[in-house]
2 protein chains.
Amino acid sequence: MTDHDRAPIRAFESSLPMALLTAREAAMGHFRPLLAEHDLTEQQWRVLRALDAAPNAVDVKALIEATTLLAPSLTRILANFEERDLIDRTVDPADQRRSIIRLSKLGHALVAKVAPNSEAIYAMIETQFGAARLDALMTELRDLAAAIHQTDEATP
Amino acid sequence: MTDHDRAPIRAFESSLPMALLTAREAAMGHFRPLLAEHDLTEQQWRVLRALDAAPNAVDVKALIEATTLLAPSLTRILANFEERDLIDRTVDPADQRRSIIRLSKLGHALVAKVAPNSEAIYAMIETQFGAARLDALMTELRDLAAAIHQTDEATP
DNA sequence: CGAGAACACTACACATGTTAACTATCAGAG
DNA sequence: CTCTGATAGTTAACATGTGTAGTGTTCTCG
């Protein structure tokens, strides 16, 4: 498999969003087939994980913030999940505009089924890259996001 | 603006793909409006940048690798660019299956128009986060992608 | 030459992104 | 208590991207 003599497109790869995307694609490349087996998209999985990680009940707004999805996208995903009986919805009695979302038993089961494989993939990455190093990287990523959001407030 | 007393969805945020996504969204949030002004999507901009960064001519396959797009998506984007006279296509005389893509004068002009604003945003992030730190982060990101790709070869 | 691989495109089904408008509910001023 | 404005969430409509399958053309190599 001669890799040809094409030069890589270098300067471009040094853009920050591209570096973030490439790293993410590398990780998700392992992950997407697993999700596809369970008829889940990347975005749907984000919602499931957010619901699973949520301590109690969650409203739609909290999900939007947690998943970085837009409201209409999330509405569609929740409708899909309702059809598949993965979630239960109730109206917040304290504020009837709010919808309270919970994972159903089936939803929890699905997460429980997928999550171990996810952990395995993560462990593989950890081994290859170094656990401490990965930890440090994640801290930096969070700080970066926070730093960028700070510039938001400076320039409204 | 009372930020409510909702607890953030914490455990979930510590997933690597999510950390990468959140950081990317933070950065792109600044950037997307700029692209929208020029009727460019994020993906289209990736293609433009890749073409601009390419030393010489580029075939479709190289673009696919550089942009992490799928062939059908790229085909459509290139068709769009042709309509807008942003690129020129020629057939590779050495291999007539290959299409050689180049930015047209107009395409270069568009990149030149958008790029400075892009640099400005980048500079803002650099100031806020620290140039050296950002550099180190990008190195780690590249290494991470490389490490993950190495696991690919171990498990085909 | 012929078989099979590689490149690029097309077609199709589906999900998401994006903007705007709309309904229902709530909260606060008067 | 009522009007007004804000908020939660949905719906609509369209553009675009994702993912799979299949097509035609051109290469490569036995």
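Just so we're on the same page: letters track the sequence lines, and every chain starts at 1.
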Note to self: Under 4.0 Å between a side-chain nitrogen and a carboxylate oxygen: does that hold for R84(B) and D39(B)?
What the structure shows: no
Check: With the sugar-phosphate defined as primed atoms, P, OP1 and OP2, and the base as all remaining atoms, what B/S/- string results for nucleotides 14-24 of chain C, 5' to 3', for protein heavy atoms under 4.0 Å?
Finding: -SBBBB-----
Out of curiosity, [X] [atom1] to [Y] [atom2], how far, rounded to the nearest 0.5 Å?
X	Y	atom1	atom2	answer
N117(B)	H30(B)	CG	NE2	13.5 Å
M28(B)	I148(A)	CE	CD1	11.0 Å
L144(B)	F129(A)	CG	CZ	5.0 Å

Checklist line | Side chain proximity check, D88(A) to I100(A), heavy atoms < 4.5 angstrom | finding: no
Check: Does D59(A) reach the side chain of D95(A), with side-chain heavy atoms less than 4.5 Å apart?
Finding: no
Anything under 3.5 Å between a protein N or O and an N or O of nucleotides 2-4 of chain D, put it in a table, one pair a line.
none

Next item on the list: Would you check if the side chain of S118(A) reaches a backbone N or O of V114(A) as a donor-acceptor pair within less than 3.5 Å?
Entry: no
Margin query: Between S104(A) (side chain only) and D85(A) (backbone N and O only), is there a donor and an acceptor less than 3.5 Å apart?
Written below: yes
Distance check needed: [N] [atom2] versus [X] [atom1], whole Å only.
X	N	atom1	atom2	result
E82(B)	dC9(C)	CD	C1'	12 Å
F81(B)	dG17(D)	CZ	C1'	14 Å
L74(A)	dT11(D)	CG	P	12 Å
L40(A)	dT18(D)	CG	P	18 Å
W45(B)	dT16(D)	CH2	P	18 Å
Q96(A)	dA8(D)	CD	P	15 Å
K61(B)	dT26(D)	NZ	P	19 Å
R98(B)	dC27(D)	CZ	P	10 Å

Next item on the list: Identify all stems in which DNA chain C takes part, counting only runs of at least 3 consecutive pairs (Watson-Crick or G-U wobble, each distance under 3.5 Å), and give each as one range with another, ordered by first number.
Entry: C:1-30 with D:1-30
Next item on the list: Locate the shortest heavy-atom distance separating A23(B) from A145(A); write the atom from each residue and the value.
Entry: CA-CB, 4.1 Å
Next item on the list: Give the minimum heavy-atom separation between R24(B) and P17(A), together with the two atoms involved.
Entry: NE-O, 3.0 Å
Note to self: Reading DNA chain C from 5' onward, which residue's closest nucleotide shows up sooner: I100(B) or A94(A)?
What the structure shows: I100(B)
Next item on the list: Between D95(B) and R89(A), just flag the one whose closest nucleotide in DNA chain D comes earlier from the 5' side.
Entry: R89(A)
Checklist line | Residue from L74(A), L69(A), L51(A), L63(A) passing side-chain contact (heavy atoms from CB on, under 4.5 Å) with R46(A) | finding: L69(A)
